[in-house]
Colleague: 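Before anything else, here's the structure in question.
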Amino acid sequence: MISANSLVFLIDDDASIRKGVSRLLRSAGYKSEAFESASGFLARDQHTGPACVIVDVQMPGLNGIGFQKALIQRRREEQLIFITGHGDVPMCAQAMKAGAVDFLPKPFRSDKLLRCVERALIRSAEQRRRSAEKNNARHLLDLLTPREFEVMELVITGLLNKQIAGKLGRSEKTVKVHRGRVMQKLGVTSVVELVKLVQKAGIASAARKPA
């Protein structure tokens, strides 16, 4: 299901393409904005909801491939659909390897473009959900003291309090207190939930929280 705050962007220096694709998107129920250049799009504030960009490969100034690189460098998450009358296999492979949703040669079928848009917006929404979960998990882990973080890392490996105490050279009672604080701060009630939270945060188990 497509989110109500989804937005489709179109970048093409050909006014007839902008007009035709904008009309198609509107008829399919999508909100859209069109730009004559990639630089014009980049000057706009980033959309806060799911978004995809239909972008022409060959344009004056910043071309489609350069635009894709610019988004990656800025850690932007818009999903890209390339359209081109000049594409070749190596260019297509490069764009897809860098994460593009699809690479459509002109002229393209309307239904195929709309399917790509749907897929791109679903992917964008999922990416945003995972990103939000990651940020939230990392925020929770930042609440831990260096000592609690150290205990947490050993807890998720399945060690018992007594084993953790032996590894850290501390009393079992102290480890139990730290473990309890970890579970309370992170809002989890089991080791399984703790492991899932750490996985969402994308933090390697060997990492150490700086003091």
Colleague: Would you kindly confirm whether L143 and F149 end up in one hydrophobic cluster when ILVMFWY residues are joined by side chain heavy atoms under 4.5 Å apart?
Modeller: yes

Colleague: With a 4.5 Å heavy-atom cut-off, do Q79 and Q127 have their side chains touching?
Modeller: yes

Colleague: Taking side chain as C-beta onward, heavy atoms only, is L121 less than 4.5 Å from Y30?
Modeller: yes

Colleague: Looking at K112, R123, R119, which hits salt bridge (Lys or Arg N to Asp or Glu O under 4.0 Å) with D102?
Modeller: R119

Colleague: Would I83 and I17 satisfy side chain to side chain contact (heavy atoms under 4.5 Å, CB included), going step by step from the backbone distance to the final call?
Modeller: CA-CA 10 Å; I83 55 175; I17 294 292; 4.3 Å; yes

Colleague: Evaluate the side-chain proximity of L186 to L144: yes if any heavy-atom separation is below 4.5 Å, no if none is.
Modeller: yes

Colleague: Hey, what do you get for CD (Q68) to CG (L62), rounding to the nearest 0.5 Å?
Modeller: 11.0 Å

Colleague: May I ask you to decide whether E133 forms a salt bridge with R130, counting only side-chain N to carboxylate O separations under 4.0 Å?
Modeller: no

Colleague: Fit a plane to each ring of F9 and F35, take the angle between them on a 0 to 90° scale, and name the class: parallel (under 30°), tilted (30 to 60°) or perpendicular (over 60°).
Modeller: tilted

Colleague: Would you give the length of the straight line joining atom CG of L24 to atom OG of S110, rounded to the nearest 0.5 angstrom?
Modeller: 4.5 Å

Colleague: Rounded to the nearest 0.5 Å, what separates atom CG in L197 from atom CE in M183?
Modeller: 10.5 Å

Colleague: Looking at side-chain heavy atoms only, is the closest gap between L25 and I54 below 4.5 Å?
Modeller: yes

Colleague: To check you understand the geometry: which heavy-atom pair defines the closest contact between H47 and S6, and what is its length?
Modeller: NE2-C, 4.2 Å

Colleague: For the atom pair CZ (R18) and CG (D13), what is the distance rounded to the nearest 0.5 Å?
Modeller: 7.5 Å

Colleague: Any non-hydrogen side-chain atom of R147 less than 4.5 Å from a side-chain atom of R170?
Modeller: yes

Colleague: V182 and L194: which non-hydrogen atoms are nearest, and at how many Å?
Modeller: CG1-CD1, 4.4 Å

Colleague: Restricting to non-hydrogen atoms, name the atom on G187 and the atom on E193 that form the minimum distance, rounded to 0.1 Å.
Modeller: O-OE1, 4.5 Å

Colleague: So, for G158 and Q163, which heavy atoms are closest and what is the spacing to 0.1 Å?
Modeller: O-OE1, 4.5 Å

Colleague: Do the non-hydrogen side-chain atoms of L104 and T84 ever get within less than 4.5 Å of each other?
Modeller: no

Colleague: Would you indicate whether the side-chain heavy atoms of L168 and T174 approach each other to under 4.5 Å?
Modeller: no

Colleague: Rounded to the nearest 0.5 Å, what's the gap from CG on L160 to CG on L154? Could you check?
Modeller: 11.5 Å

Colleague: So V8 and V21, side chain to side chain contact (heavy atoms under 4.5 Å, CB included) or not? Walk me through it.
Modeller: CA-CA 11 Å; V8 182; V21 173; over 6 Å; no

Colleague: Decide side chain to side chain contact (heavy atoms under 4.5 Å, CB included) for C52 and V101; before the verdict, give the C-alpha distance in whole Å, the side-chain angles of both, and the deciding distance to 0.1 Å.
Modeller: CA-CA 9 Å; C52 73; V101 174; over 6 Å; no

Colleague: Out of R128, E77, E126, which residue meets the side chain to side chain contact (heavy atoms under 4.5 Å, CB included) rule with P50?
Modeller: R128

Colleague: Would you call D111-R115 a salt bridge at under 4.0 Å N-O?
Modeller: yes

Colleague: Run S32 and L10 through side chain to side chain contact (heavy atoms under 4.5 Å, CB included) and show every step you take.
Modeller: CA-CA 7 Å; S32 67; L10 169 64; over 6 Å; no

Colleague: Should the pair F82 and F103 be assigned to parallel (<30°), tilted (30 to 60°) or perpendicular (>60°) ring geometry?
Modeller: tilted

Colleague: Within a reach of under 6.0 Å around CZ of R109, are more than 12 heavy atoms found that belong to other residues, nucleotides or ligands?
Modeller: no

Colleague: Any chance you could measure L80, atom CG, to I11, atom CD1, to the nearest 0.5 Å?
Modeller: 8.0 Å

Colleague: Are the side chain of N136 and the backbone N or O of A132 linked by a donor-acceptor pair below 3.5 Å?
Modeller: no

Colleague: Above 12 or not: heavy atoms from other molecules or residues under 6.0 Å from NZ of K196?
Modeller: no

Colleague: Considering non-hydrogen atoms only, spot the tightest contact between E172 and N161 and give its length.
Modeller: CG-CB, 4.0 Å

Colleague: Looking only at non-hydrogen atoms, find the nearest pair between S22 and A34 and report the distance.
Modeller: OG-CB, 3.9 Å

Colleague: Going by heavy atoms in the side chains, are D14 and D56 under 4.5 Å from each other?
Modeller: no

Colleague: Do D12 and K106 pass the salt bridge (charged side-chain N to carboxylate O under 4.0 Å, His left out) test, and can you show the C-alpha distance, the side-chain angles, and the key distance before you say yes or no?
Modeller: CA-CA 12 Å; D12 199 305; K106 297 177 182 178; 3.2 Å; yes

